[in-house]
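A quick write-up on the structure given underneath.
What you are looking at is a predicted structure, and each value in this text was computed from that prediction instead of being measured.
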Amino acid sequence: MDKNKINIAYSKFVENRLPKTKFFPSLLWAFLVGGLICCIGQGIFDGISAIFPDLKQEHIQAYTLIILIFLASFLTGLGIYDRIGAFAGAGSIIPITGFSNSIASPALEFKNEGWIFGLCVKMFSISGPVIVTGISASIIVGIIYYIVGLL
């Protein structure tokens, strides 16, 4: 049998086995849950602003992010954030809480392998490439900015 025919037959087999996703409800729930997470973040920001009116906006933003990251990690530890992610899809991974979840989930999964090889190494298995790409891009942009500044 020809390799191309095997690939076509396998693709049809996989396509028939995949669960059918309802596009509009998935999109709606992702939008609503992502928006709700962002509204919670805005509520935290407004609450900190009201309690500490003398704080600079940059500090309030930092505290808001810290609280959101903590909440997402805490909910991941309880197994709640994974259920939110299964329900909301991309709506749960777009905000910074999704990044927090991507670090906490593997760390919790491999914690029985020890502190170094389990917790510390596996913690960055999913988010590591994102961090490396972000740092590399910022270095490149910084070099370009520096060169343009010299001209």
Side-chain angles (χ1 to χ4, degrees), residues 10-149:
Y10 181 72
S11 295
K12 287 181 182 178
F13 173 76
V14 170
E15 187 177 317
N16 291 334
R17 292 288 202 167
L18 286 174
K20 304 299 180 211
T21 303
K22 296 177 181 173
F23 180 74
F24 184 73
S26 298
L27 183 68
L28 179 66
W29 285 120
F31 176 77
L32 291 175
V33 172
L36 179 63
I37 292 171
C38 293
C39 286
I40 291 170
Q42 185 65 47
I44 292 169
F45 181 89
D46 293 343
I48 294 171
S49 298
I51 295 171
F52 303 104
D54 295 335
L55 277 179
K56 293 181 180 177
Q57 184 172 356
E58 296 85 24
H59 294 133
I60 298 171
Q61 291 170 346
Y63 291 136
T64 302
L65 292 176
I66 290 168
I67 292 169
L68 285 172
I69 290 168
F70 169 77
L71 288 174
S73 298
F74 184 71
L75 292 175
T76 298
L78 296 177
I80 295 171
Y81 202 88
D82 294 333
R83 285 185 268 166
I84 294 170
F87 176 73
S92 67
I93 63 170
I94 299 298
I96 195 166
T97 54
F99 188 72
S100 172
N101 176 272
S102 73
I103 291 176
S105 289
L108 290 171
E109 185 176 343
F110 294 100
K111 68 179 178 184
N112 60 350
E113 293 182 21
W115 281 96
I116 302 298
F117 293 111
L119 192 70
C120 295
V121 172
K122 299 295 182 177
M123 180 170 30
F124 295 104
S125 62
I126 294 174
S127 59
V130 175
I131 294 170
V132 169
T133 303
I135 291 172
S136 301
S138 67
I139 289 171
I140 292 169
V141 168
I143 291 170
I144 293 169
Y145 186 74
Y146 179 74
I147 292 171
V148 169

Considering only distance and modelled atom types, tabulate donor-acceptor pairs under 3.5 Å from the side chains of residues 76-83, sequence neighbours left out.
unit_1	atom_1	unit_2	atom_2	d
Thr76	OG1	Ala72	O	2.7
Thr76	OG1	Asn101	ND2	2.8
Tyr81	OH	Ser92	O	2.5
Tyr81	OH	Thr97	OG1	2.7
Asp82	OD1	Asn101	ND2	3.3
Arg83	NE	Gly79	O	3.3

Partner of Ile135 by side chain to side chain contact (heavy atoms under 4.5 Å, CB included), out of Thr133, Ile139, Val132: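 The passing option is Ile139.
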
Ring pair (Phe, Tyr, Trp, His ring centres under 6.0 Å) involving Phe74 - partner list, sequence neighbours excluded: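 Only Phe70 meet the ring pair (Phe, Tyr, Trp, His ring centres under 6.0 Å) criterion with Phe74.
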
Just to verify, what does Phe31 make a ring pair (Phe, Tyr, Trp, His ring centres under 6.0 Å) with, not counting sequence neighbours?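 Not a single residue meets the ring pair (Phe, Tyr, Trp, His ring centres under 6.0 Å) criterion with Phe31.
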
Gap between atom [atom2] of [Y] and atom [atom1] of [X] - 0.5 Å precision:
| X | Y | atom1 | atom2 | answer |
| --- | --- | --- | --- | --- |
| Leu36 | Ile40 | CG | CD1 | 4.0 Å |
| Cys39 | Ile44 | SG | CD1 | 11.5 Å |
| Gln61 | Ser49 | CD | OG | 9.5 Å |
| Asp46 | Thr64 | CG | OG1 | 8.5 Å |

Quick one: does Ile84's side chain get under 4.5 Å of Phe87's, heavy atoms only?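 In short, these two side chains do not touch, never coming nearer than 4.5 Å.
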
Which atom pair, heavy atoms only, marks the closest approach of Pro53 to Ala50?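 Smallest heavy-atom distance, with atoms named: CD-O, 3.9 Å.
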
I'd like to know whether CZ of Phe45 has more than 12 heavy-atom contacts from other residues, nucleotides or ligands below 6.0 angstrom.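 Yes.
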
